[in-house]
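Both backbone and side-chain heavy atoms feed into the values below; hydrogens, waters and symmetry mates do not.
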Amino acid sequence: MANARTDLMQGTLELMILKTLSRDAMHGYGIAQRIHQAVDDLLKIEDGSLYPALYRMEERGWIKSEWGVSENNRRAKFYKLTRAGRKQLDGECANWERVSRAITRILKTA
């Protein structure tokens, strides 16, 4: 993909972040690395997309952050899913399944 950042459907990055944070609290770089590993580097999450998404999600109350020390002894902001974020994740997953089924049907018949 030439520019995977623009290939993501609106809201997809937030869904991937919510799912990633459903396992553990993580700092921004760790979130990006986990997503890259999960998709075998098929998508590249740019800092210019990741951090604004994290800030938006924190404003919406889906995640919260606190300062801590990373595995390489650096000060980092760690993000954690909130109860509202878990509810949002459940709704987004259900919506993704519905949209995915619809698109698959169209692709098979077109």
Checklist outcome for this item: Scanning both residues in full, the closest heavy-atom pair of Leu50 with Gly28 reads CD2-O, 3.2 Å

Checklist entry - Side chains of Leu54 and Ile31: closer than 4.5 Å at any heavy-atom pair? => result yes

Checklist entry - Nearest heavy-atom pair of Thr82 and Lys64: which atoms, and what distance? => result CG2-N, 3.8 Å

Checklist entry - Which pairs pass salt bridge (charged side-chain N to carboxylate O under 4.0 Å, His left out) with one or both residues in residues 75-88, sequence neighbours excluded? => result none

Checklist entry - Would you say Leu43 and Ile35 make side-chain contact, with heavy atoms under 4.5 Å? => result no

Next on the checklist: Quick one: does any side-chain atom of Ser22 pair with a main-chain N or O of Lys19 as donor and acceptor, under 3.5 Å?
Outcome noted: yes

Next on the checklist: Taking OH in Tyr29 as the centre, count heavy atoms belonging to other residues, nucleotides or ligands within less than 6.0 Å. Is the count above 12?
Outcome noted: no

Checklist entry - Is it true that Val69 and Tyr79 fall in one hydrophobic cluster, defined by side-chain heavy atoms closer than 4.5 Å? => result no

Checklist entry - So, Glu66 side chain and Phe78 main chain: donor-acceptor pair closer than 3.5 Å or not? => result no

Checklist entry - Side chains of Gln88 and Leu18: does their closest heavy-atom pair fall under 4.5 Å? => result yes

Next on the checklist: Please report the interatomic distance CD1(Ile106) to CZ(Arg101), rounded to the nearest 0.5 Å.
Outcome noted: 13.0 Å

Checklist entry - So among Leu21, Leu15, Thr20, which one has a side-chain contact (heavy atoms from CB on, under 4.5 Å) with Ile17? => result Leu21

Item to check | Residue pair Gln33 / Gln37, side-chain donor-acceptor N/O under 3.5 Å | outcome: no

Checklist outcome for this item: For Ala76 and Ser70, the nearest pair of non-hydrogen atoms, with its separation, is CB-CB, 4.3 Å

Checklist entry - Looking only at side chains, do Glu71 and His27 share a donor and an acceptor under 3.5 Å apart? => result yes

Checklist entry - side-chain contact (heavy atoms from CB on, under 4.5 Å) between His36 and Leu42: does it pass, once the steps are laid out? => result CA-CA 7 Å; His36 292 160; Leu42 292 172; over 6 Å; no

Checklist entry - Taking C-beta and beyond as the side chain, do Thr104 and Lys108 meet within less than 4.5 Å on heavy atoms? => result yes

Item to check | Residues in side-chain hydrogen bond (donor to acceptor under 3.5 Å, both in side chains) contact with Arg60, at least two apart in sequence or another chain | outcome: Glu14

